[in-house]
Amino acid sequence: MVAFQLAACTLLLTGNILQTSALDTYIAAVYEHAVILSGATTALVSREDALKLMNKNLDILEGAIKTAAEQGAHIIVTPEDGVFGWVFTRDSIYSYLENIPDPQVNWNPCIEPGRFGSAQVQERLSCMARNYSIYVVANMGDKKPCNSSDPQCPSDGRYQYNTNVVYDSEGKFVARYHKYNLFASEIYYNYAKDPQFVNFNTPFGKFGVFTCADMLNFREPAVSLVEKFKVDTVLFPTAWMNTLPLLSAVQYYSAWAMGMRINLLAANIHKPMFDITGSGIFAPDGPKAYHFDMETKHGKLLLADLDVHPRLSPTYPPPVNWSLYASSIKHFSPRSQVFNANIYFDNFTFTELSQEAGNYTVCHKGLCCHLSYKMTEKLEDEIYALGAFDGLHIIEGEYYLQICTLLKCNSTDVKSCGQRVDTAQTSFDSFSLSGTFNTSYVFPEVLLTETQLAPGEFQVLTDGRLISKRKLSKPVLCVALFGRWYQKDSPHPLYSSS
Ligand SMILES: *[C@@H]1O[C@H](CO)[C@@H](O)[C@H](O)[C@H]1NC(C)=O
Ligand SMILES: *[C@@H]1O[C@H](CO)[C@@H](O)[C@H](O)[C@H]1NC(C)=O
Ligand SMILES: *[C@@H]1O[C@H](CO)[C@@H](O)[C@H](O)[C@H]1NC(C)=O
Ligand SMILES: *[C@@H]1O[C@H](CO)[C@@H](O)[C@H](O)[C@H]1NC(C)=O
Ligand SMILES: *[C@@H]1O[C@H](CO)[C@@H](O)[C@H](O)[C@H]1NC(C)=O
Ligand SMILES: *[C@@H]1O[C@H](CO)[C@@H](O)[C@H](O)[C@H]1NC(C)=O
Ligand SMILES: *[C@@H]1O[C@H](CO)[C@@H](O)[C@H](O)[C@H]1NC(C)=O
């Protein structure tokens, strides 16, 4: 849960290549689920009542899984917290948890349901995968008893983990992932002791698994899964509250897939009343399908074709030197004064875009951001600003950011720059944004009015410029280069104080 505001084995490899030589693309599915929440999440419930709620959610997930399989999907991802919701205490979540073994035990819960104790949720998920012949990815809770022989054992005698599970198309349990980057409100779960690099091979590529804040907070396990384990596709159950201007779900997910150059299957919860919506199927060169819906209360199934091995595809984007262009040019001379305003508690340095077209530079600490742009028409009642931030973000997780952004301010008062704004009227004929980044982890965002993405309308040049390819199809909310400088992060909370 992320709720901002207040989320090689040579033999195997050979087998895999032989199997996949016939398959260049596969059909991926994600399901945005309008989870049925328990009314009173701090009250203790019986296992029977917990199962009643979980089965209601599993019934809905089963409908989506069946439909996806009928449409040929090879794999489907369902959201974090999709089986029983969120906001529990350590005690009140207990009835929802199951003992989830290490997949090395070689277990098919649909065939051997009783082998590891009460495991009705695992059995149902495994049977869905088996019955509809599709890989199923879900998120649930694991419990592991411990005692005083382990000095870190919590006082209630058990670890509780936010856990992703994966079943193959025969129902076999193939992967278990304990979330490493818990969100601040997840006090009812324990941190995994070490980051787990959960990945597995299939006939349609190599997959890695993590969840929600793992994409924003610490480097691990996300970056190593991509760079060291070289997964083709990341499976990403999430429960993500949209936080404009920089961190709405589809905006950030799409940018992360492009910046890391991987396929990403992101399934979010659907709860517009909490600003939670936004799921998609993302490829290294842009989104293949995405969904953002603040209007209805319904879930949504998305399907799209993806490359089995995107790195081997002719459309695979080349590596980018994110600072090359920005470091090579002279600063554009300032036209407007600089001012400070916050984006989600971070003190950005901004300059207002006072002309219809222009070249601007703004710097904060070591980061200078350059922008060239042309609006179709400068409107009286909307202002835009160019902002830079180079610093440690410390609210709800600590992570070091380097960000360059062009954004619409909330009102015509410059103090409102960086505040949430959902719609815009100003069209842009062109933009080019770049920055003197010290990190190679930069995620390119282009967000249009009403949280719409802009597939095919922009590109990243190998010298680090994020440029429009043509006049944008809708007014612009925000364009950003969202950089993560992992070397400057704080240590993981599990290893810092205490
Ligand atoms: C799977 O199929 C079997 C036999 O067709 C059926 O009894 C069972 O209820 C199904 N399970 C699920 C989870 O759909
Ligand atoms: C403590 O836990 C370990 C494994 O977690 C187990 O092997 C051992 O039997 C337990 N000891 C007691 C006294 O329960
Ligand atoms: C990017 O380009 C700059 C300037 O030429 C160079 O100093 C730097 O080493 C390059 N970075 C990478 C990662 O290649
Ligand atoms: C933001 O930073 C500037 C200096 O860069 C400082 O003058 C200002 O007080 C800061 N604002 C806040 C709210 O911390
Ligand atoms: C911005 O700079 C480019 C080249 O550096 C120049 O061609 C263009 O005229 C400038 N635009 C404005 C509005 O100053
Ligand atoms: C943005 O402006 C609207 C009115 O235009 C206001 O209702 C809203 O509270 C503002 N948002 C923030 C975060 O200040
Ligand atoms: C960060 O990048 C800037 C601009 O390229 C450079 O001047 C600075 O020395 C770099 N800082 C570090 C710590 O690498």
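We count ligands from 1, going down the list as the structure has it; atoms in each ligand are counted the same way. Here the structure is a predicted model, which means the values were calculated and not measured. In what follows, every heavy atom counts, from backbone to side chain, and hydrogens, waters and symmetry copies are set aside.
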### Task
Using distance alone, determine whether Asn438 and ligand 7 share an N or O pair under 3.5 Å.
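Yes.
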### Query
Looking only at distance, does Asn347 have an N or O less than 3.5 Å from an N or O of ligand 4?
yes
### Query
Taking only residues two or more places apart in sequence, or in another chain, which ones meet Asp413 in a side-chain hydrogen bond (donor to acceptor under 3.5 Å, both in side chains)?
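By the side-chain hydrogen bond (donor to acceptor under 3.5 Å, both in side chains) rule, Asp413 matches no residue at all.
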### Message
Can you confirm whether more than 12 heavy atoms, excluding those of Glu227, are under 6.0 Å from its CD atom?
### Response
yes
### Row check, Tyr188 ring normal vs Arg90 NZ/CZ: under 6.0 Å, within 45°
no
### Task
Write out the protein residues near ligand 2, meaning a non-hydrogen atom under 4.0 Å from one of its atoms, in order of chain and number.
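The answer is Asn147, Ser149, counting any residue whose heavy atom sits under 4.0 Å from ligand 2.
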#### Entry: Cys363/Cys369 sulfur gamma separation below 2.5 Å
no
### Aromatic ring pairing Tyr384/Phe428, orientation class (parallel under 30°, perpendicular over 60°, tilted between)
perpendicular
#### Entry: Asp102: salt bridge (Lys or Arg N to Asp or Glu O under 4.0 Å) partners, not counting sequence neighbours
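By the salt bridge (Lys or Arg N to Asp or Glu O under 4.0 Å) rule, Asp102 matches no residue at all.
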#### Entry: Residues that Cys478 engages under disulfide (SG to SG under 2.5 Å), provided they are two or more places apart
none
